[in-house]
Number of protein chains: 2
Amino acid sequence: MTKKKSREPVEAGHTVEAAEPGEARDVPEAGEAGEAGEAGGAREPAAPAGQAFERVLRWVDDRILGGELRVGDHLPPERELAKTLQVSRAAVREAVRTLQAQGVVRSAVGAGAAAGTTVTAVPAHALTRLLRLHVALANFPLPDVVEVRISLERLSARLAARHASPDDVAGMQQLLDHMAQPGIEREEFNDADTAFHVAIAASAGNLLAADLTAAIRESMRLPILDRFRRIDAWEGVIDELRHDHEAIYAAITDGQADDAARLIEDHIRRAWQTLGSGEAP
Amino acid sequence: MTKKKSREPVEAGHTVEAAEPGEARDVPEAGEAGEAGEAGGAREPAAPAGQAFERVLRWVDDRILGGELRVGDHLPPERELAKTLQVSRAAVREAVRTLQAQGVVRSAVGAGAAAGTTVTAVPAHALTRLLRLHVALANFPLPDVVEVRISLERLSARLAARHASPDDVAGMQQLLDHMAQPGIEREEFNDADTAFHVAIAASAGNLLAADLTAAIRESMRLPILDRFRRIDAWEGVIDELRHDHEAIYAAITDGQADDAARLIEDHIRRAWQTLGSGEAP
DNA sequence: AGGCGCCTAGTGGTCAGACCACTAATCCGA
DNA sequence: TCGGATTAGTGGTCTGACCACTAGGCGCCT
């Protein structure tokens, strides 16, 4: 039953040691010799080992949820982790890919402190990927997404009206200027539009709301662009959007939280209606 | 290394064939040292370069975003996909793990239609994992999470007041009864509490809001339980929570959307304050 | 003829070992 | 003393093999 193991009082070292400080890990031939991995044994599954890569995942999860692994810490080298958990390196790599897909770790080749697999915390990319795929799979219908987006951006606008720093405001102003350029292309306008909304969310000081807003807006990028292209009265639509943005910006800089929330909701709802019907006012 | 053969007539597949007719099968050949870092231009990504598993990821992404791969469709068998994309099977598996971590595919061994890797759409688990890890990493501070949760649940409560079906309502009632049991344990109460909030979100008919609510609530499970355990005046707290729930339930069944939204916000805010300070009213 | 069970094929799951590319630290000769 | 070559350690990839599982077919036995 070597599967029960773990639970070593790790600690020590900056990189979460995988084996006892005294080395001597070696293969725990303790009974049950033979059989690599549990494979054949239909005996008592004392440890819900399940898939090999899940054991690695569990190992990392436990240490993250337990606070032993923090942002910036290193995971043990893949080869060492494989030996410790008695799985193949391939299994370790699959687990690492899973963690990578969730924005929890980052891998780098080479030598030195910068190399190896380190714990990070960049969920924005992961969230974006996840939402984009599921929106594309029609699992999250666009109207649902829009409603959630409104809720989040109401929150962001409200907080931004209270907490936006001068730098934040300057960034928004710059994006407004960008969108004000005459004859701006639809795609470029859309990107600046997205950046404007994300800037508001970022200035709100709520990391989760900001990341979710960015992910949601990005997940709608292709559908929105499709609708943009189908619009005939482009100039009329864009003017309306600009006007909305100006009003939102004014409310935020004036610290009018309720107004900002109301305006951004109206803005999103109206824009969505315009795009949805493909007509200009 | 012996790069011979590579003829293999790819038999027709009913499951999104991998080889496109007339595709430019240009082998990247690895070489080209120096181009690392995505040279500025590169508008036409003729050479995916990047990592091997990313090529697989891209292949699947393109087909999902393009609508060729829909929920229920099968990916080609790993061995076939590897041969088609000229990568190793290990690389394919790493990409599959990434997709699996995002709730986009599901793998099953065996033979027949149920086996193989199929496209699914179960993002709830993936979202939960992602949020839980990032909350544990203190990347998403709990106060931020609570604010977002309030926004989402306001939306859910509002929609639930309009759309909740009799079955939904019955489910909520059942959870209320469960929580009303005298002497209920804290953990059990917490689970029922979570289920109650998730039931509201589910009855709202907004899939994204429901999944996000469930994920957020679950990501806070351990921190909330910790606070629960530190509470002395447990009976007083639990009574207050029960009272809140009853009021929310009443507003939803009465179709009072605004009331439901206000009540659930007050409820969450008050509960969080109570838990945060560790004191009973 | 009808079961019933063994066998086969196809799939993901895992493993072992090897080599490559990259990077930081170190060594060694000029 | 200095600078290039070497080394060591890391992730990235590949190859080829075997295992476990499942559906479906085949053949043997009743």
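One can place CG of L81(B) at 12 Å from P of dT11(C), the figure rounded to the nearest angstrom. As rounded to whole Å, 10 Å separates atom C1' of dT14(C) from atom CD of Q51(A). To the nearest angstrom, C1' of dA16(C) lies 14 Å from NZ of K83(A). Look at NE2 on H74(A): it is 13 Å from C1' on dA24(C), rounded to the nearest Å. The CD atom of E54(A) sits 17 Å away from the P atom of dG12(C) (whole-angstrom rounding). As rounded to whole Å, 9 Å separates atom P of dG12(C) from atom CG of L75(B).
Closest to the side chain of E94(B), from the set dC15(C), dG9(D), dT13(D), is dT13(D). Picking from dG12(C), dT13(D), dC14(D) the nucleotide with the shortest atom distance to the side chain of V87(B) gives dC14(D). When the nucleotides dG12(C), dA16(C), dG11(D) are ranked by their closest atom to the side chain of V109(B), dG12(C) comes out on top. Candidate nucleotides dC15(C), dG12(C), dG13(C) were compared by shortest atom distance to the side chain of P77(B), and dG12(C) ranks first. In this structure, the nucleotide among dG11(D), dC15(C), dG10(C) sitting nearest to the side chain of R89(A) is dG11(D). Listed nucleotides dT14(C), dT22(D), dT13(D) differ in distance to F53(B); the shortest reach to its side chain belongs to dT13(D). Across dG13(C), dA23(D), dT14(C), the shortest atom-to-atom separation from the side chain of E78(B) is found for dG13(C).
In this model, a side-chain donor or acceptor of R79(B) finds a partner on the base of dG12(C) within 3.5 Å. A donor and an acceptor atom never sit less than 3.5 Å apart when one is taken from the side chain of R106(A) and the other from the base of dG11(D). Residue-to-nucleotide contacts include no donor-acceptor pair under 3.5 Å from the side chain of R93(A) to the base of dG11(D). Residue-to-nucleotide contacts include no donor-acceptor pair under 3.5 Å from the side chain of R97(A) to the base of dG12(D).
Pairs of residues two or more places apart, or lying in two chains, that qualify as side chain to side chain donor-acceptor pair (under 3.5 Å) and include a residue from residues 89-98 of chain A are E78(A)-R89(A), E78(A)-R93(A), R93(A)-E94(B), E94(A)-R93(B), E94(A)-R97(B), R97(A)-Q100(A), R97(A)-E94(B).
Across all strands, A115(A) comes closer than 4.0 Å to no nucleic acid atom at all (heavy-atom distances). When heavy atoms are screened at a 4.0 angstrom cut-off, A114(B) is found touching no nucleic acid atom at all. Residue A113(B) is classed as having no contact, given no heavy-atom separation below 4.0 Å to the nucleic acid.
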Could you walk me through whether D61(A) and R132(B) pass the salt bridge (Lys or Arg N to Asp or Glu O under 4.0 Å) test, one step at a time? CA-CA 10 Å; D61(A) 279 4; R132(B) 183 171 44 202; 5.6 Å; no
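D144(A) places a side-chain N or O within donor-acceptor distance of the main-chain N or O of L207(B), the cut-off being under 3.5 Å. A donor-acceptor pair is defined here as one N or O able to donate and one able to accept, closer than 3.5 Å; no such pair exists between the side chain of R217(A) and the backbone of H197(A). Looking only at distances, a side-chain donor or acceptor of D168(B) sits under 3.5 Å from a matching main-chain atom of S165(B).
Between T117(B) and dG12(C) there is a side-chain N or O to OP1 or OP2 distance below 4.0 Å.
Rotation axes derived from the C1' atoms of the five outermost pairs at either end of the helix from dA1(C)-dT30(D) to dA30(C)-dT1(D) lie 30° apart, to the nearest 10°.
By the 6.0 Å and 45° rule, R55(A) does not stack over the aromatic ring of W59(A).
Here the OG1-CD1 distance, from T194(A) to I216(A), works out to 12.5 Å after rounding to the nearest 0.5 Å.
For the side-chain contact (heavy atoms from CB on, under 4.5 Å) with V104(B), the qualifying choice from L130(A), N139(A), L137(A) is L137(A), the only one to do so.
Mapping G116(B) and S88(A) onto DNA chain C by nearest heavy atom places G116(B) at the nucleotide closer to the 5' end.
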